[in-house]
Amino acid sequence: MGKLYLVATPIGNLEDVSPRALRILQEAHMVACEDTRHTQILLRRYEIRAKHLTSYNEFNHKRQVSVLVGQLDRGWDVALVSDAGTPALSDPGEALVAAAVAAGHDVVAIPGPNAAIAALVASGLPTREFTFLGFLPKKSGERRRRLAALIEEGRTIVVYESPYRVDDTLADLAAVAPGARVAVARELTKLHEEFVRGTATEVAARYAAQRPKGEITIVIAPAEATEGDG
Ligand code: SAM
């Protein structure tokens, strides 16, 4: 029986990869990548000649799940990597993991970079309890309702966001929770890494004036309780 390895890869800085991750990529019979060209950049940097590369992404994952479980059945070890960070988090990897578990295969996580955790720990906001959402709904009304309900729960919230929607999302947040505390993490681990911190109103105004470029993770916490509250 083969093993399915979930190999975390860098979210920008190619130095952020563990020796174990590199060894697994070298040794696995097959490496399933969100985008083989993207993964090749990492493999070339570390002079790894993977035995077989195949693509596994949102467009082909339904078909590829049975192909890859078939490889595990014949005893091949399969390493799954996403374009950035930890596979199976907000990407189609989840379906492959569920199928591999259902078929009785071992699934081994090779931990490493993850944008949500990197943004959370450097946000300056409470980390004790948090809710990770992946991506928010694309429609403004739904997004506002979701944000309002989550803020009400009182935990820190971590969301992934596209640079094309970050201004709208922050405007929605400012509408439902103007005093919420926000840290927008952009281009984590890269040359132009940046954190923008402030209240929802302040941060929304900043991004309304200029849409950001690059990869974005947003960390949100309810407004700090002031004396006499609650
Ligand atoms: N599985 C990945 C992980 O472990 O971080 C995340 C996959 S998710 C489809 C991709 C999203 O993660 C991006 O749209 C962005 O919101 C966030 N992200 C990825 N790299 C980032 C970076 N360097 N800085 C900030 N956010 C990042």
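Note that ligands are numbered from 1 as they come in the structure, with each ligand's atoms numbered from 1 the same way. FYI, the numbering just counts along the sequence from 1.
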### Query
After noting the C-alpha distance and the side-chain angles of R144 and D172, does the key distance pass the salt bridge (charged side-chain N to carboxylate O under 4.0 Å, His left out) rule?
CA-CA 6 Å; R144 284 189 186 201; D172 285 340; 2.9 Å; yes
### Query
Are any of the N/O atoms in S90 less than 3.5 Å from those in ligand 1?
no
### Query
Got a second to check how far L80's CG is from L6's CG, nearest 0.5 Å?
6.0 Å
### Query
Yes or no on salt bridge (charged side-chain N to carboxylate O under 4.0 Å, His left out) for R49 and E27, after CA distance, side-chain angles and deciding distance?
CA-CA 9 Å; R49 272 169 290 280; E27 291 177 359; over 6 Å; no
### Query
Would you call the rings of F132 and Y160 parallel, tilted or perpendicular, where under 30° means parallel and over 60° means perpendicular?
perpendicular
### Task
Decide whether V7 and I48 are clustered together by the hydrophobic rule: side chain heavy atoms of Ile, Leu, Val, Met, Phe, Trp, Tyr closer than 4.5 Å, transitively.
yes
### Task
Compare T86, V159, T189, N13 and give the one whose heavy atom is closest to atom 4 (O) of ligand 1.
T86
### Message
Tell me the protein heavy atom at minimum distance from atom 24 (N) of ligand 1, and give that distance in Å.
### Response
L188 N, 2.9 Å
### Query
Applying a 4.0 Å heavy-atom criterion (strictly less than), which segment of I216 is in contact with ligand 1: side chain, backbone, both, or neither?
backbone
### Linked, directly or transitively: V159 and V176 (ILVMFWY side chains, under 4.5 Å)
yes
### Query
Hey, which of T39, T86, I24 is the one that makes side chain to side chain contact (heavy atoms under 4.5 Å, CB included) with V81?
T39
### Message
Judged on heavy-atom distance to atom 2 (C) of ligand 1, which of A84, G85, G214 sits nearest?
### Response
A84
## Note on the structure
Counting from 1 in the order shown, the ligand 1 atoms closer than 4.0 Å to a non-hydrogen atom of A115 are 3 (C), 5 (O), 17 (C), 18 (N), 19 (C), 21 (C), 26 (N), 27 (C)
### Message
Under 4.0 Å from a heavy atom of N114: which atoms of ligand 1 are those, numbered in the order shown and with their elements?
### Response
3 (C), 4 (O), 5 (O)
### Message
Give me the residue, atom name and distance of the protein heavy atom closest to atom 26 (N) of ligand 1.
### Response
T217 OG1, 2.8 Å
### Summary
among protein heavy atoms, the one nearest atom 10 (C) of ligand 1 is F135 CZ, 4.3 Å
### Task
Would you mind checking which non-hydrogen protein atom is closest to atom 13 (C) of ligand 1, with the distance to 0.1 Å?
E215 OE1, 3.2 Å
### Query
Given Q64 and L96, is the side-chain contact (heavy atoms from CB on, under 4.5 Å) satisfied, shown in steps?
CA-CA 8 Å; Q64 282 288 72; L96 178 59; over 6 Å; no
### Query
Relative to the heavy atoms of E187, which atoms of ligand 1 are at a distance of less than 4.0 Å?
23 (N), 24 (N)
### Atom indices of ligand 1 within 4.0 angstrom of E161 heavy atoms, with elements
16 (O)
### Task
Name the closest protein heavy atom to atom 7 (C) of ligand 1, giving the residue it belongs to and the distance to 0.1 Å.
L89 O, 3.8 Å
### Message
What I want to know is whether I11 and ligand 1 share at least one N or O pair that is separated by under 3.5 angstrom.
### Response
yes
### Message
For the CE atom of M1 and the CZ atom of R74, what is their distance to the nearest 0.5 Å?
### Response
15.0 Å
